[in-house]
2 protein chains.
Amino acid sequence: MHPQPEENDVDRVFHALADATRRAMLERLSQGPVSVSQLAEPLGMTLAAVVQHVQVLEQARLVHTEKVGRVRTCRLEPAGLDAARRWLDARRTPWEQALDRLAQVVKP
Amino acid sequence: MHPQPEENDVDRVFHALADATRRAMLERLSQGPVSVSQLAEPLGMTLAAVVQHVQVLEQARLVHTEKVGRVRTCRLEPAGLDAARRWLDARRTPWEQALDRLAQVVKP
DNA sequence: AGAATAGTTAAGTTACTGCTTGACTATTAC
DNA sequence: GTAATAGTCAAGCAGTAACTTAACTATTCT
């Protein structure tokens, strides 16, 4: 709709998050990096399907992967989640937004 | 996947947010309540299509609507955004989560 | 070398999304 | 009362999403 620089990213991120399987993967990855096969194991699904989900998560910059030898290791990448959070936070009430800015000041 | 009480809601919310048109509607609604026709006006789209989007947003508890006479007024409902924010915040780093709790204490 | 492991790629299937059109209902305006 | 307004409902359609299977490529193990 608005192919603004950011808009497309937000699209990808929310679309990636809209799937329960992918959210389960992120949850798993929040406990540390794992290989694609390890990711696939608890989900009753083909490896091929999992690979496709991983690609979606990568394009949304929610995970980053690196292949060493024959195993591809996936780890969480905060960029995507941050984009989502920024969008949501921009739609808070003015009072909540003031609190957000306070947190920003306290943080660094 | 996990039809946990919350899981289904999260699904609906992120799916609703994954569409640029619906996000534009939310943006419009964040400036105050409007009728369905008013919502439809800036988007180059049939009224019927807009109604369908409104239904998606309602099911995600992102908007609440009420019909008076022949006009249905839509207003933002924070429940859905809060659900999304809760999910995202649960996946922050421990350090960030500490800051979140601090904000919670300061808030009320 | 041969067999098992880990992943990739392409193609096909089924189901769901985002729209449109068209017919219809309820209000409000003239 | 008639006409315009505001919305609703039901099909239908093109495009996309989430899989599957099957054939293939690279590693690693024995």
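Letters go in sequence order (proteins before strands), and every chain restarts at 1. Note that the structure is predicted; figures quoted are calculated from it, not measured.
- Distance from the side chain of B:Asp19 is smallest for C:dG18 among the nucleotides D:dA18, D:dT8, C:dG18.
- Side-chain heavy atoms closer than 4.5 Å link hydrophobic residues (I, L, V, M, F, W, Y) into clusters, and following such links, possibly through other members, connects B:Val51 to B:Val34.
- What separates CG of A:Leu57 from P of D:dA17 is a distance of 14 Å, to the nearest Å.
- Checking A:Leu62, A:Val63, A:Leu57 one by one against A:Arg22, the side chain to side chain contact (heavy atoms under 4.5 Å, CB included) holds for a single residue, A:Leu57.
- Phosphate contact (OP1/OP2 of C:dG18, side-chain N/O of B:Thr46, threshold under 4.0 Å): absent.
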Run A:Arg72 and A:Thr65 through side-chain hydrogen bond (donor to acceptor under 3.5 Å, both in side chains) and show every step you take.
CA-CA 6 Å; A:Arg72 176 174 298 280; A:Thr65 74; 2.9 Å; yes

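- OP1 or OP2 of C:dC19 lies within a sub-4.0 Å distance of a side-chain N or O belonging to B:His53.
- For the pair A:Gln55 CD and D:dC19 P, the computed distance is 14 Å after rounding to whole Å.
- Of the two residues near DNA chain D, A:Val71 and A:Val56, the one whose nearest nucleotide lies more 5' is A:Val56.
- Put simply, CZ on B:Arg23 is 15 Å from C1' on C:dG18, counting in whole angstrom units.
- Look at A:Asp82 and A:Arg61 and you find no salt bridge, because none of the NZ, NE, NH1 or NH2 atoms lies under 4.0 Å from a carboxylate O.
- Rounded to an integer number of Å, the gap from A:Leu47 CG to D:dT20 P is 11 Å.
- Nearest to the side-chain atoms of A:Arg70 among the listed nucleotides C:dA29, C:dT5, C:dC19 stands C:dT5.
- Taking atom CD of A:Glu66 as the reference point, atom P of C:dT8 lies 13 Å away to the nearest angstrom.
- A:Asp89 has no carboxylate O lying under 4.0 Å from a charged side-chain N of A:Arg86, or vice versa, which leaves the two without a salt bridge.
- Spacing between atom CE of A:Met45 and atom C1' of D:dT20 amounts to 11 Å, rounded to whole angstrom units.
- The base of D:dT20 is paired with the side chain of A:Gln52 by a donor and an acceptor separated by under 3.5 Å.
- Per the geometry, NE2 belonging to A:His15 stands 10 Å off P belonging to C:dG18, to the nearest Å.
- Going from atom CG of A:Leu43 over to atom C1' of D:dT20 covers 16 Å, rounded to whole Å.
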